[in-house]
Amino acid sequence: VVRRTTDLGEAERFIRLFHTENPSAGNPYTRLRDVAREVARRGTYTHTYEELEFGARVAWRNSNRCIGRLYWRSLKVRDRRQVSTAEGIALECVAHLRDATGRGKIRPTVTVLPPDTPALPAFRIVNDQLIRYAGYRTPDGVRGDPANLALTETATRLGWRGRGGRFDVLPLVIRPPAGEPLLCNLPGDAVLEVPLTHPDYPWFEELGLRWHAVPAISDMCLEIGGICYPCAPFNGWYMGTEIGARNLADADRYDQLGVVAERLGLDTSSERTLWRDHALVELNVAVLHSFEQAGVSMTDHHTESRRFLTHLSREEQAGRVCPADWSWIVPPLSGSATPVFHRYYDTRVLTPAFVHHR
Ligand code: HEM
Ligand SMILES: N=C(Nc1cccc(CNC[C@@H]2CCCN2)c1)c1cccs1
């Protein structure tokens, strides 16, 4: 397999961007010359820690599907480019979760593992998020999270044994450049979870619903200056609607709207009673209430929409374009009741960026 050498044009554009936004880095000339020499010699170059930290923060700033970009400057970057084994990667993912979770005060963090290089191809994390619940095929439907059926089957084929519950945390599956994937169970103290209750309905707890505190995406590449870091898990905190309007509500996920509507005593015989909408709101009230009770960071879609527009105007003040994808920015609940709904966005694609694996 011929590995892509680094595109020198991308590298130069990034180095210039770094020096423009970080005047203390001085004149880019010598750095540009050294990078060109290194690319000529070994087909790629190595980012300094400062370049890597800046690149990861700007990749977040450029994420046009992300509503949570206001705090892009505070991203914590864990430079782990020296890690060279599957076990090392697994350990860094666990350390990342412990670091980022705090005791509920979640810290936006990215861990950067080695890039793809002609000399050493990169490892991949098979899981799309560090924390995922198993999905099991049963005679009368799926038990657990249907979104993770394939990952559960892969882990089981590799020797993992699930307990058949609705919220079994899956192991990490780390695939090396060659050879067998490594399975790694996440220690319980690295996976903070929140049981869901409702402030007004005591029966809600009986539904036995819960969700994990930290969303940590592990299936995207961090692209900086022509270099791709295919193993760079990043986390923020959840917006309540992700759990309450999608993960627990979608028919092809935990599909809880009918259950909640029944317990609420709603008339589900006709769509026109808007029973789905009533159930959705109460499910989202429960998610926000439970995370707050547990002291776990979470934002609501109204607050986050306002914050995003603040970010947008700050970027314009800074003379930068802030690209956004309307179809992802507008929350899946009460869209038009949030300010982000009532406007258009620039849709250009900028780099550095987090991209889905090609
Ligand atoms: C700090 C709190 C944050 C919040 C509340 C937040 C919120 C969100 C939400 C709601 C989405 C849409 C997800 C979906 O609909 O499935 C999203 C997408 C995204 N976010 Fe953020 N985010 C945060 C931090 C971050 C951080 C720290 C990064 C990276 C360093 C990031 C990068 C992205 C990217 C790349 C996407 C698009 C994912 C894709 O294309 O599949 N976000 N964010
Ligand atoms: N709050 C978060 N949510 C989030 C962000 C990016 C991607 C995702 C997962 N999106 C995949 C699902 C499934 C298809 C559409 N949405 C969630 C964060 C995850 C990592 C940092 S912030």
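Just so you know, ligand 1 is whichever comes first in the structure, and atom 1 is the first atom listed for that ligand. In this chain, residues are counted from 1 in sequence order.
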Option set [options], criterion heavy-atom distance to [atom], minimum:
{"atom": "atom 20 (C) of ligand 2", "options": "Pro215, Ser218, Ala100, Pro233", "result": "Pro215"}
{"atom": "atom 22 (S) of ligand 2", "options": "Pro332, Pro108, Gly236", "result": "Gly236"}
{"atom": "atom 30 (C) of ligand 1", "options": "Phe354, Tyr71, Trp72", "result": "Phe354"}

- [ ] Decide side chain to side chain donor-acceptor pair (under 3.5 Å) for Thr111 and His96; before the verdict, give the C-alpha distance in whole Å, the side-chain angles of both, and the deciding distance to 0.1 Å.
- [x] CA-CA 7 Å; Thr111 295; His96 177 125; 2.6 Å; yes

Shortest protein contact, [atom] (heavy atom only):
{"atom": "atom 16 (O) of ligand 1", "answer": "Trp328 CZ3, 3.8 Å"}
{"atom": "atom 32 (C) of ligand 1", "answer": "Phe234 CE1, 3.5 Å"}
{"atom": "atom 5 (C) of ligand 1", "answer": "Trp237 O, 3.4 Å"}
{"atom": "atom 8 (C) of ligand 2", "answer": "Ile217 CD1, 3.5 Å"}
{"atom": "atom 38 (C) of ligand 1", "answer": "Met220 SD, 4.0 Å"}

- [ ] Output every pair passing side-chain hydrogen bond (donor to acceptor under 3.5 Å, both in side chains) with a member in residues 25-37, not counting sequence neighbours, ordered by first then second residue.
- [x] Arg31-Glu51

Open item on the list: Could you check whether any side-chain heavy atom of Leu209 comes within less than 4.5 Å of a side-chain heavy atom of Phe204, counting everything from C-beta outward?
Closed with: yes

Open item on the list: Counting C-beta onward and ignoring hydrogens, is there a side-chain heavy-atom pair between Val126 and Pro181 closer than 4.5 Å?
Closed with: no

Open item on the list: With the threshold set at under 4.0 angstrom, would you say Asn235 reaches ligand 1 through any of its heavy atoms?
Closed with: yes

Task: Sub-4.0 Å heavy-atom approach of Thr299 to ligand 1 - done: yes

Task: Non-hydrogen atoms of Asp99 and Arg107 that approach each other most closely - done: O-NH2, 2.6 Å

Task: Cys221 versus His357, closest heavy-atom pair with distance - done: SG-ND1, 2.8 Å

- [ ] Step through it carefully: locate the ring centre of His47, locate the ring centre of Phe14, and say whether they are under 6.0 Å apart.
- [x] yes

TODO: Verify the ring-centre separation between Phe291 and Trp211: is it less than 6.0 angstrom?
DONE: no

Atom pair [atom1] ([X]) and [atom2] ([Y]), whose distance is rounded to the nearest 0.5 Å:
{"X": "Thr85", "Y": "Phe123", "atom1": "OG1", "atom2": "CZ", "result": "6.0 Å"}
{"X": "Asn185", "Y": "Leu170", "atom1": "CG", "atom2": "CG", "result": "9.5 Å"}
{"X": "Asp200", "Y": "Glu282", "atom1": "CG", "atom2": "CD", "result": "7.0 Å"}
{"X": "Asp325", "Y": "Ser63", "atom1": "CG", "atom2": "OG", "result": "11.5 Å"}
{"X": "Tyr133", "Y": "Arg210", "atom1": "OH", "atom2": "CZ", "result": "6.0 Å"}

Open item on the list: Less than 2.8 Å away from atom 21 (Fe) of ligand 1, how many protein N/O/S atoms can be counted, ignoring water?
Closed with: 1

TODO: Check whether any protein heavy atom sits under 4.0 Å from atom 12 (C) of ligand 2.
DONE: no

TODO: Establish whether atom 6 (C) of ligand 2 and some protein heavy atom are separated by less than 4.0 angstrom.
DONE: yes

- [ ] Could you give me the CA-CA distance, side-chain angles and deciding distance for Tyr229 and Phe354, then say whether ring-ring contact (aromatic ring centres under 6.0 Å, His included) is met?
- [x] CA-CA 9 Å; Tyr229 296 93; Phe354 286 98; over 10 Å; no

Task: ligand 2 versus Phe354: contacting region, heavy-atom distance under 4.0 Å - done: neither

Task: Per-residue contact class, Glu242 against ligand 2 - non-hydrogen pairs under 4.0 Å - done: side chain

With heavy-atom distances below 4.0 Å as the criterion, list the atoms of ligand 2 near [X].
{"X": "Trp237", "answer": "1 (N)"}
{"X": "Trp328", "answer": "15 (C)"}
{"X": "Phe234", "answer": "20 (C), 21 (C)"}

Task: N/O donor-acceptor pair under 3.5 Å between Asn127 side chain and Pro171 backbone - done: yes

TODO: Would you kindly specify which portion of His356 sits under 4.0 Å from ligand 1, judged on non-hydrogen atoms: side chain, backbone, both or neither?
DONE: side chain

